[in-house]
Number of protein chains: 2
Amino acid sequence: MMKASTVYDVAAHAGVSIATVSRVLRRPADVRASTRERVLASVQFLGYVPSASARGLAARRTGVLGLFFPGIDDEGDSAEVPFVQDMSVEIVVDIPDSGEVRPPNLYFDEVLRGSEREAWRHGFALMVGVGRGTNPAEMVNDIAGRVDGMAVLACSVPDDLLDHVSRRIPVVLIAGPRRGDDYDHVSVSNTEGMRALTEHLIETHRITEPVYLAGPVDSPDDAERYLGFVQALTAAGIDAAGLPVLRGEFSRIRARHLAGEMLAAGGLPRALVCGNDQMALGLLDVFGPAGIRVPEDVIVTGFDGIEAGRLSTPRLTTVHQPMADLGRAAMRAMLSRLQHPDQPPITSRLPVKVLLRESSEGTV
Amino acid sequence: MMKASTVYDVAAHAGVSIATVSRVLRRPADVRASTRERVLASVQFLGYVPSASARGLAARRTGVLGLFFPGIDDEGDSAEVPFVQDMSVEIVVDIPDSGEVRPPNLYFDEVLRGSEREAWRHGFALMVGVGRGTNPAEMVNDIAGRVDGMAVLACSVPDDLLDHVSRRIPVVLIAGPRRGDDYDHVSVSNTEGMRALTEHLIETHRITEPVYLAGPVDSPDDAERYLGFVQALTAAGIDAAGLPVLRGEFSRIRARHLAGEMLAAGGLPRALVCGNDQMALGLLDVFGPAGIRVPEDVIVTGFDGIEAGRLSTPRLTTVHQPMADLGRAAMRAMLSRLQHPDQPPITSRLPVKVLLRESSEGTV
DNA sequence: CAACAGAATGTAAGCGCATACAGTTGAGGG
DNA sequence: CCCTCAACTGTATGCGCTTACATTCTGTTG
């Protein structure tokens, strides 16, 4: 690998000045064709790759956008990867129901995918960071120093840190509630989606006393969804305050427990509206084997539109949120902000889609 | 956002030299506690975030590792994301079997997750790039200029480009065959895994004429797997050359067609060994509704260990490859190379796990 | 053939930081 | 009270590139 070559090396080899080398790479049209080709030949010959650090410093922009997500807390396996290991195979009999395997990460995957796509589409590279238990502050600060702007999942970064980095680069918040009024913000129509779904249950299926299976109390997304649930009920003249709310914590496991308790207690509501798909799937896990028919005995709905809900039996009625688009919209907002630093804060709410499937409709 | 503050601003505000500011951030122990606190207060006050470009230039290393993947070709929707859109909800009746939704990407997601984790664990940031139809060369070159080392999925980058960038930074190849002998390389035990699975079918289920459902002809992974298949047969005294091989192209759709054709032709083999899970699932898609019992009438196995294979009916026997570990191992190899530039090329083969489930065992 | 407008290229000044080295300070010993 | 040495801090340089500006060509026109 030797010492990497620089503009100086290329310039010397091609018999031009470093400015010309730079121009060949940045504004080819400004250089005579013959010169350009000579320089490019030298670039090729020397294996020259421009240093983004130097470019970033000189041009005062890095050409990189950042994306930060809070970590999955339980990702604690610091286990070492086997480093060099040959031809080993293990044969295991894999029993069903091994629990929930990496559940909510799909969300991150999708947002990341959309972000990556949109960033490169606009000529920016993407840097990603997933907060681990250890010091998200350091990571965020680190990323902030490397990028022209960064998107951050709501609630993943303390306010003061956010203020700090936002003095250097624009910050876009993804999902969750607006925080302050100074940040650009992209989110999905949680409330509207849940309201539409609930209205459907009320109007089409004559549900009058649905039970809501809620996420963590501090989840702003769940709060928005619950709001939509309440709005639909209220609009139909139903007193939402009188209906029980179960606390499922967005966990499939927890939902199974709750399902078990309900069965034990004997009383099942006509419809269970869940704050996310994982919990809805947890209910299905229990109802099926217990002989409870869905949707004949109880209607179950979710929220998110994850793949597993499309593969479950019965398939899960849910509200699909466009996760990849969330990422793309976040990048777009940042780019827009970079171009027009003084425009008013952007608020982008993406549309959701209610997917009616067998867990509420019977057959579709 | 004003103009971002620099070391100079902080130094002036704290009444010290820029060297001291730098030390406070990089080697706090070298600075008297009282001075340190004063500087940190100024950092806080001014909202100072160090420029990674400047640091990278001065320190001659970026502290970033890169990961490049080939694009999903069909990802051609350049559609614009709705940018600002309020409260829109669409209600759709979602019919089953909407085809295959983003199939092979799980692989990328997992590798990325592992890479991200391992990079940060060692104090490096991660930059990701997914090649689009447009000019992967530019992307790779761009990334190469921004990082201290990069990992690349096999076959995603032309040889000459790889040579070019590897003159500047270490490059690690992920999966596929070794290319040349100069690059570090991490992969999984494709051959050994498939061999172990096939041996199991032969020994436990007395399969003597399994049919292999192959991937694309130019897939090195599939070639390795097929090799394992052949090895097991040969070891058992079976002439693999005499057995038919179907070309499923790693596609679920294509596998369905093939399944249809087999049914139409009347003859179903006792066991179908597939080069990946997607194809195996494609077979199940057809066999179930057609009244073919799996595994009683025909055994079906896959390869990869994707989530969908755990949710199918029957659940799919497969060979699980540790995708996240692949990413982690790639990062590890790079870090090792950065520390010891002159060590011999690393070759790391990760272990796989044969998962016996209902599609071959009946009940487990 | 001279004069001149562009086009092409060169010159030079930073961009913000790390760090070798030089200089300063303070504590302890003589 | 001075000297020594270690701990601490400041000075100065350069990392590799972009870019405003100066300079040199080139081809045209009078």
Side-chain angles (χ1 to χ4, degrees), chain A residues 2-40 42-43 46-64 141-142 144-148 167-169, chain B residues 2-40 42-43 46-64 141-142 144-148 167-169:
Chain A
M2 330 282 300
K3 201 178 166 317
S5 48
T6 71
V7 260
Y8 295 99
D9 302 323
V10 176
H13 187 266
V16 298
S17 75
I18 61 165
T20 297
V21 175
S22 180
R23 283 195 199 95
V24 167
L25 268 25
R26 302 299 146 218
R27 315 160 52 115
D30 287 3
V31 179
R32 184 183 307 165
S34 61
T35 312
R36 196 190 314 142
E37 281 166 28
R38 198 150 37 94
V39 171
L40 287 177
S42 299
V43 165
L46 295 172
Y48 170 67
V49 178
S51 153
S53 292
R55 169 150 24 115
L57 185 53
R60 257 153 288 194
R61 30 164 284 154
T62 64
V64 183
N141 218 44
D142 186 317
R146 301 176 181 283
V147 301
D148 293 331
R167 293 177 64 181
R168 167 176 244 266
I169 51 168
Chain B
M2 334 280 298
K3 199 175 167 322
S5 48
T6 71
V7 261
Y8 295 99
D9 303 322
V10 175
H13 186 266
V16 298
S17 73
I18 62 163
T20 297
V21 175
S22 179
R23 283 193 200 96
V24 167
L25 267 24
R26 300 302 144 215
R27 315 160 52 114
D30 287 5
V31 179
R32 185 183 307 165
S34 61
T35 312
R36 196 190 314 144
E37 281 166 28
R38 197 150 38 93
V39 171
L40 287 177
S42 298
V43 166
L46 295 172
Y48 170 67
V49 178
S51 152
S53 292
R55 168 150 25 114
L57 184 54
R60 255 153 290 198
R61 30 164 284 152
T62 64
V64 183
N141 219 43
D142 186 316
R146 302 177 180 283
V147 302
D148 293 331
R167 292 176 64 179
R168 167 177 244 266
I169 52 168

**OP:** Using whole Å, report how far CZ of A:Arg38 lies from P of C:dA8.
**Re:** 14 Å

Subject >> Donor-acceptor contact below 3.5 Å, side chain A:Arg168 vs main chain B:Gly47 >> reply: no

Original post:
Counting N and O atoms only, with roles assigned by atom type, does the side chain of B:Arg61 sit under 3.5 Å from a partner on the main chain of B:Asp148, one being a donor and the other an acceptor?
Top reply: no

Original post:
With distance as the sole test, does A:Arg146 use its side chain to make a donor-acceptor pair with the main-chain N or O of B:Thr62 at under 3.5 Å?
Top reply: yes

Original post:
Do B:Arg60 and A:Ser53 touch side chain to side chain, with heavy atoms closer than 4.5 Å?
Top reply: no

**OP:** Identify whether any heavy atom of B:Ser53 sits under 4.0 Å from a base atom; if not, whether one sits that close to sugar-phosphate; answer base, sugar-phosphate or nothing.
**Re:** nothing

**OP:** Measure from the side-chain N and O atoms of B:Arg23 to the backbone N and O of B:Asp30, and report whether any donor-acceptor pair falls under 3.5 Å.
**Re:** no

**OP:** Give the rounded distance in Å between these two atoms: CZ of B:Arg36 and C1' of D:dC8.
**Re:** 12 Å

Subject >> Interatomic distance where CG belongs to B:Leu57 and P belongs to C:dG14 [whole Å] >> reply: 17 Å

Original post:
Among C:dT9, C:dG10, C:dC17, which nucleotide sits nearest the side chain of B:Pro50?
Top reply: C:dC17

Subject >> Closest nucleotide among C:dC17, D:dG10, C:dC15 to the B:Val16 side chain >> reply: D:dG10

**OP:** Using a cut-off of strictly less than 4.0 Å, decide whether A:Ser51 has a side-chain nitrogen or oxygen near OP1 or OP2 of D:dG16.
**Re:** no

Original post:
Rounding to a whole Å, what distance do you find between B:Arg146:CZ and D:dC17:C1'?
Top reply: 13 Å

Subject >> Contact list for DNA chain C against residues 19-34 of chain A - heavy-atom distance below 4.0 Å >> reply: A:Ala19, A:Thr20, A:Arg23, A:Val31, A:Arg32

**OP:** Name the residue closer to the 5' end of DNA chain D, choosing between B:Gly15 and B:Ala54 according to the nucleotide with the nearest heavy atom.
**Re:** B:Gly15

**OP:** Write down the distance between OH (A:Tyr8) and P (D:dG16), rounded to a whole number of angstrom.
**Re:** 8 Å

**OP:** Ignoring backbone atoms, establish whether A:Thr6 has a side-chain N or O less than 4.0 Å from OP1 or OP2 of D:dG16.
**Re:** no

Original post:
Tell me, do A:Val21 and A:Tyr8 make a side-chain contact under 4.5 Å, heavy atoms counted?
Top reply: no

Subject >> Distance in angstrom units between B:Ile18 CD1 and D:dC8 P, rounded >> reply: 20 Å

Original post:
Hey, is the main chain of A:Val31 close enough, under 3.5 Å, to the side chain of A:Arg36 for a donor-acceptor pair?
Top reply: yes

**OP:** Determine: side-chain N/O of A:Arg60 to OP1/OP2 of C:dC15, distance under 4.0 Å, yes or no.
**Re:** no

